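To start, the structure under review is shown below, and the notes come after it.
It should be emphasised that the depicted structure is a prediction, and the values quoted were computed from it without experimental measurement. All heavy atoms count here, side chains included; hydrogens, waters and symmetry mates do not.
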Amino acid sequence: MEDEPLLNAGVGACLNADGEVELDAGVMEGATLRAGGVACVRDVRHPVDLAAEVMRDGRHVLLSGSGASRFARDHGLEMTDPSIFINNRKRQQRLAGADTVGAVARDADGRLAVAVSTGGISGKLPGRIGDSPIPGAGMYADDLFGAVCGTGQGEAFIRLGLARLMVVELQHGMDPAAVAKGAVALLGKAMQAQGGVILIGRNGPPHAAFNTQAMPFATAQ
Ligand code: ASP
């Protein structure tokens, strides 16, 4: 999805206030609670792969900016000229930071995971970090309870610790569909924020909820 210019990630990412692209991505593995996040990345072709490499490396959870780029080079990830991410300036400027991409998954053995990648919010200040690379804010996965991914105003997700909150609600036995709906209601009520979530529990189908006009999502078995 980072290769799809229609989506706010990779080559379709929105522009910051300086007209440049700074990418965030995160991954988490529910079996081990290992997580990796990268922020303000400008020259890595696939930031979500870099987030996975940070997770596998295991020394840290979050890397940003030039340090994240150096880590990417050292670990043999594909680097690119930052201009590749700016393919249709006008269209990218129009986007209000929507269309972050994310996925939650459960495999046949019940292992859960989440991955998310984004350009963040259109017109953001250079150096701004959103919720997507932060475990507990924009994403979370725990095999015992569920996996969650969010999209929308990242500052609100961070302030609410929303992804972790949702997993705690699953832990307390709440119905996954109600957890998804409740999270979006909280976004609107407590933060006057817009967004959406996708979620999958230990059993049953995935769920989605949003208070934006639309949030395209798909499921696969
Ligand atoms: N949540 C992302 C961010 O704030 C943006 C989005 O989901 O569209 O960086």
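Between H207 and D175 there is no side-chain heavy-atom pair separated by less than 4.5 Å. You'll find the side chain of F71 reaches within 4.5 Å of the side chain of D57, heavy atoms only. In this structure the side chain of M79 reaches within 4.5 angstrom of the side chain of V44, judged on heavy atoms. With a 4.5 Å cut-off on side-chain heavy atoms, V116 and T100 count as touching. At least one side-chain heavy atom of L187 sits under 4.5 Å from a side-chain heavy atom of F157. Residues V27 and V48 form a side-chain contact, since some pair of their non-hydrogen atoms from C-beta on lies under 4.5 Å apart. Proximity of V104 to L199: side-chain heavy atoms (C-beta onward) are nowhere separated by under 4.5 Å. Considering only heavy atoms from C-beta on, P126 comes within 4.5 Å of E22 through its side chain.
Clustering ILVMFWY residues whenever any of their side-chain heavy atoms sit less than 4.5 angstrom apart, transitively, puts M191 in the very cluster that holds L186. Hydrophobic clustering of Ile, Leu, Val, Met, Phe, Trp and Tyr side chains at less than 4.5 Å, counting indirect connections, keeps M139 apart from I134. When hydrophobic clusters are built by joining Ile, Leu, Val, Met, Phe, Trp and Tyr residues whose side-chain heavy atoms come closer than 4.5 Å, directly or via intermediates, L162 is not grouped with I121. Side-chain heavy atoms closer than 4.5 Å link hydrophobic residues (I, L, V, M, F, W, Y) into clusters, and following such links, even through other members, never connects M55 to L63. I129 and L23 fall into different hydrophobic clusters, defined by Ile, Leu, Val, Met, Phe, Trp and Tyr side-chain heavy atoms under 4.5 Å apart, directly or through other members.
Taking each heavy atom of A147 and A113 in turn, the nearest pair found is CB-O, 3.8 Å. In this structure, V54 and G36 approach most closely via the heavy-atom pair CG1-CA, 4.0 Å. Across all non-hydrogen atoms, the minimal contact from E2 to S117 is OE2-OG, 2.5 Å. Considering every non-hydrogen atom in both P133 and V38, the closest pair reads CB-O, 3.5 Å. Summarising the geometry of C14 relative to G120, their closest heavy-atom pair is SG-O, 3.4 Å, with the distance given to 0.1 Å. Heavy-atom minimum distance, A35 versus P135: CB-CG, 3.7 Å.
Taken from CG in D3 to NE2 in H46, the straight-line distance is 3.5 Å, to the nearest 0.5 Å. Expressed to the nearest 0.5 Å, how far NE2 of H75 lies from CZ of R70 amounts to 11.0 Å. In this structure, CG in L170 is found 11.0 Å from CD1 in I200, a value given to the nearest 0.5 Å. Note: M28 CE to L112 CG = 10.5 Å, rounded to the nearest 0.5 Å. Atom CD of Q153 sits about 9.5 Å away from atom CD of Q192, to the nearest 0.5 Å. Note that the CZ atom of F145 and the CE atom of M174 stand 14.5 Å from one another [nearest 0.5 Å].
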May I have the step-by-step check of side-chain hydrogen bond (donor to acceptor under 3.5 Å, both in side chains) for S132 and D24, ending in yes or no?
CA-CA 6 Å; S132 304; D24 295 348; 5.8 Å; no

V148 vs V114, side chain to side chain contact (heavy atoms under 4.5 Å, CB included): CA-CA, chis, key distance, verdict:
CA-CA 7 Å; V148 169; V114 55; over 6 Å; no

Can you check side chain to side chain contact (heavy atoms under 4.5 Å, CB included) on F210 and T151, steps first, answer last?
CA-CA 9 Å; F210 50 93; T151 179; over 6 Å; no

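Identified under the salt bridge (charged side-chain N to carboxylate O under 4.0 Å, His left out) test for residues 30-39, with sequence neighbours left out: E29-R34. Sorted by first then second residue, the salt bridge (charged side-chain N to carboxylate O under 4.0 Å, His left out) pairs that include residues 141-166, not counting sequence neighbours, are R128-E155.
Listed for the R202 side chain is no donor-acceptor partner under 3.5 Å among the backbone atoms of G110. Panel note: side chain N8, backbone G119; a donor-acceptor pair is recorded below 3.5 Å. Under a 3.5 Å cut-off, the side chain of N16 and the backbone N or O of D18 do form a donor-acceptor pair.
Partners of D81 by side chain to side chain donor-acceptor pair (under 3.5 Å), not counting sequence neighbours, listed by chain and number: S83.
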